[in-house]
Amino acid sequence: MATVIVMPALGNSVESCLIVSWLVKEGDTIAENGILCEVETDKASMEVPSTASGTVLKLLWAEGDDVPVKQPLLVVGEPGEDPAPVLAEVGFGAAQEETPEQATVATAEPPEQAPTGASVAGDERGSSPRARNLAAAEGIDIAAVPAGTGPGGRVIARDVAAVAETTTRAAARAGAVAGEGTGLGGRVSQADLTAPAAPAEETPTPAPAAVGGADPDFPGPSTSTPLKGIRKVISERMMHSLASSAQLTYTTTARAQGLLDMRKKLKNSDPALGLNKVTIGDLVGFAAVRTAAKHPTHNAHLEDGVLTTFERVHLGFACDTPRGLLVPTVRNASQLSLGQFSAICKDLAAQAIEGTISPDLLGGATFTVSNLGGFGIEHFTPLLNVPQTAILGVDAIFPRAYADEKGKVRVEQRIGLSLTADHRVIDGADAARFLQDLVAFLENIELAALS
C-alpha cells in the first residue's frame, strides 16, 4: 500500500521548510532512512530522511517551495501504484492535479492537524512570532489576517505572506498607490491602501544624452537574485529590529594585555585541563555573560510593553556560516565554567557552519555577543536581536598611544567594545555602568574568571 511521507517538524519553533534540492525523483527506489531532499528552515539547512521504503510514486512539491511541517511531501509505494487514494485519505487529494504552486495555496492540513476551533488572530496565542514580525514589517494588522493554517488555526508566516501578496496585487489592479509602498522593499501594505492618495506629478522630461553619445553597454552585466531562505529571514528581522526598538550604541575600550597574557598561558596549559583551546573571543564572551548576570535590564526581553528579566544568562553569539548569519544559543551560560563555556561555543559554531544544528538551539537567547575583532574591525554598531534589550559588539585589539604618569608617551594594547541597548528600558547611565563593569572584568580577567 502507498505511504505518504510528510515534512518532519525539525524543531519546536519550525513552521515550514524550503526545499533546496530533491535527491530523488519519481520512479526511484528508496530505503527507509534514505535521504530524500535538502531543506532550509529560517535558521539552518538539513537533510530529510525517508520514513518508509519503496518506489517514489509522486513528488508533491518543487524545489524552492516552502512546505509547512506535517504537510505531505511525497508518496512511496509499489511500482505503478496510484498515489491518489492515499493522498485523498489525508486531505491532499487535489494536490496530484495541481501544480506545487497551486497546492501551496489550495491544500489543507491533514485531518489530524485541522483546527478544533477558531482562534483570534490578534491574540498572541493565535499567531507565531515569525508571523507577527512579518506583519509588522509589511504594515499588516495581524488581527486582519484570516484564520491561520498552522496547528489549531494558528496564524503562521505563510498566512501573513499571502495577505501581503494579495494586498500588492489588489493595489496593482486598482492603481490605488502611486510610487513605492511603505512595506519591506517598497512593497505596498494595507496602511498604504488606506492612506490618502498623493497628487499626481508630471513626468519629468528626460535629460538629453551626455556629450559623446549614450553608452550602449551601460550599466554593464548584472545579476538579480530574489532573497529567499535564511537571507530573506535575516533581511526581515533586521528591518523589524530597527523599526520596533529604540536602539542606541555606546562605545568604550579596555586594556587588553591581560587578555593576551591569559590566552597565551591557557594555550600552553596541560591539555588534560581542557583550557588550551580557549580563545580571546571565549574570554570576552565569558566576561559578557558574568556582566549581564549583574544587570537584569540587559539580560531581558521586551515585548508588547512587558519587560521580562532572566535570572540565568542564555548567550546568543553571532556565527558566520555559508548560509548567512546564525545565532546559536549557549543555554545556561551563566552556570558554566570557562572551559565548559568555550567547549560548548565551539561545538555549536561547528554545527551551525556545517548546517546540522537544531533550530531549537538557534533561539531563546537573553543576551547576544557579536565579535568582528577577527576581521580587524575597530568599531561597529550591532543591531539588537529583538526582543532582547542589549547586544555587545566586540572589536579588534589594537595598539593605542597614551601618556603615563610622567608624561612619557607609551603604547598599550586595547580592545574595543560596542554596546547597543534599547533606550526604552536602558538609560545611558545604565549602559555606561554595564560597560564599566565589563571593562573591569576584562582588565582583571585572570582573577575575575576565578570568581
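Being a predicted model, the structure only gives us computed values, none of them experimental.
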Q) Looking at Pro72 and Leu60, what are the two nearest heavy atoms and their distance? A) CB-CD1, 3.5 Å
Q | Nearest heavy atoms of Leu417 and Leu442, plus distance in Å | A | CD1-CD1, 3.9 Å
**Q.** N/O donor-acceptor pair under 3.5 Å between Ser241 side chain and Arg237 backbone
**A.** no
Q: Supply the atom-to-atom distance Ser50 OG to Leu36 CG, rounded to the nearest 0.5 angstrom.
A: 4.5 Å
Q.
Pairing donors with acceptors under 3.5 angstrom, does anything connect the side chains of Thr249 and Thr420?
A. yes
Q. Which is it for Phe441 and Ile445 under the side-chain contact (heavy atoms from CB on, under 4.5 Å) test, yes or no, and what are the steps along the way?
A. CA-CA 6 Å; Phe441 197 112; Ile445 186 67; 3.6 Å; yes
Q: Give, for atom SG of Cys319 and atom CD of Gln351, the distance between the pair rounded to the nearest 0.5 Å.
A: 10.5 Å
Q.
Restricting to side chain to side chain contact (heavy atoms under 4.5 Å, CB included), what partner residues turn up for Glu47, sequence neighbours left out?
A. Ile35, Glu38
Q) Does the side chain of Lys346 reach to within under 4.5 Å of the side chain of Lys277, using non-hydrogen atoms? A) yes
**Q.** Distance-minimising heavy-atom pair for Val289 and Val313
**A.** O-CG2, 3.7 Å
Q) Looking only at atom types and distance, does a side-chain atom of Asp404 sit under 3.5 Å from a main-chain N or O of Gly407, one as donor and one as acceptor? A) yes
Side-chain donor-acceptor pairs under 3.5 Å in residues 325-333, sequence neighbours left out?
unit_1: Thr329; atom_1: OG1; unit_2: Gly363; atom_2: O; d: 3.1
unit_1: Arg331; atom_1: NH2; unit_2: Asp360; atom_2: O; d: 2.8
unit_1: Asn332; atom_1: OD1; unit_2: Arg312; atom_2: NH1; d: 3.0

Q) What's the shortest heavy-atom distance between Val439 and Ala254, and which atoms? A) CG1-CB, 3.8 Å
(Q) Among Leu338, Ile280, Leu275, Val278, exactly one meets side chain to side chain contact (heavy atoms under 4.5 Å, CB included) together with Met262. Which residue is that? (A) Leu338
Q. Taking atom types as modelled and ignoring hydrogens, do the side chains of Asp66 and Ser16 form a donor-acceptor contact shorter than 3.5 angstrom?
A. yes
Q. Between Leu266 and Asn276, does a side-chain contact (heavy atoms from CB on, under 4.5 Å) hold up when you go through it step by step?
A. CA-CA 5 Å; Leu266 293 174; Asn276 60 317; over 6 Å; no
Q) Do Ser342 and Asp282 have side-chain N/O donor and acceptor atoms under 3.5 Å apart? A) yes
(Q) Do Gln388 and Thr368 pair up side chain to side chain, a donor and an acceptor below 3.5 Å, judged on atom types alone? (A) yes
Q) Are any non-hydrogen side-chain atoms of His379 and Ser418 less than 4.5 angstrom apart? A) yes
Q: Quick one: do Gln247 and Asp422 satisfy side-chain contact (heavy atoms from CB on, under 4.5 Å)? Show the steps, please.
A: CA-CA 5 Å; Gln247 303 190 28; Asp422 194 330; 5.9 Å; no
(Q) Donor-acceptor check, side chain of Asn444 to backbone of Ala440, threshold 3.5 angstrom: yes or no? (A) yes
Q.
Between Ser269 and Lys265, is there a side-chain donor-acceptor contact under 3.5 Å, judged purely by atom types and distance?
A. no
(Q) I want to check something: taking the side chain as every heavy atom from C-beta on, are Leu260 and Gln257 in contact at a cut-off of under 4.5 Å? (A) yes
Q.
I want to check something: taking the side chain as every heavy atom from C-beta on, are Thr308 and Glu303 in contact at a cut-off of under 4.5 Å?
A. no
Q: Mind listing the closest non-hydrogen atom pair of Phe286 and Leu336 along with its distance?
A: CE1-O, 3.5 Å
Q) Under 4.5 Å between any side-chain heavy atoms of Leu372 and Val394, yes or no? A) no
Q. Residues in ring-ring contact (aromatic ring centres under 6.0 Å, His included) with Phe434, at least two apart?
A. His295, His298, Phe367
Q: With the side chain counted from C-beta on, respond yes when Ile353 and Pro322 share a heavy-atom pair under 4.5 Å apart, and no when they do not.
A: yes
Q. Can Arg414 and Glu412 be said to form a salt bridge (Lys or Arg N to Asp or Glu O under 4.0 Å), step by step?
A. CA-CA 6 Å; Arg414 299 191 73 89; Glu412 65 181 357; 2.7 Å; yes
**Q.** Heavy-atom side-chain proximity of Val6 to Leu73 below 4.5 angstrom
**A.** no
Q | Pairwise distance CG(Leu384) to CD1(Ile391) - rounded to 0.5 angstrom | A | 7.0 Å
Q | For Pro296, all residues meeting side chain to side chain contact (heavy atoms under 4.5 Å, CB included), sequence neighbours excluded | A | Thr309
Q.
Looking at every heavy atom in both Trp22 and Glu63, which two are closest together, and how far apart are they?
A. N-OE2, 3.0 Å
Q: Would you kindly say whether Glu354 and Thr321 are connected by a side-chain donor-acceptor distance under 3.5 Å?
A: no
Q | Asp430/Arg433 under salt bridge (Lys or Arg N to Asp or Glu O under 4.0 Å): CA gap, chis, key distance, verdict | A | CA-CA 5 Å; Asp430 296 326; Arg433 280 187 282 267; 2.9 Å; yes
Q: Not counting sequence neighbours, list each pair that qualifies as a salt bridge (Lys or Arg N to Asp or Glu O under 4.0 Å) and has a residue in residues 383-394.
A: none
Q. Distance-only, no hydrogens or angles: does the Thr51 side chain make a donor-acceptor pair with backbone N or O of Ile5 under 3.5 Å?
A. no
(Q) Going by the rule ring-ring contact (aromatic ring centres under 6.0 Å, His included), which residues pair with Phe310 if we only count those two or more places apart in sequence or in a different chain? (A) His301
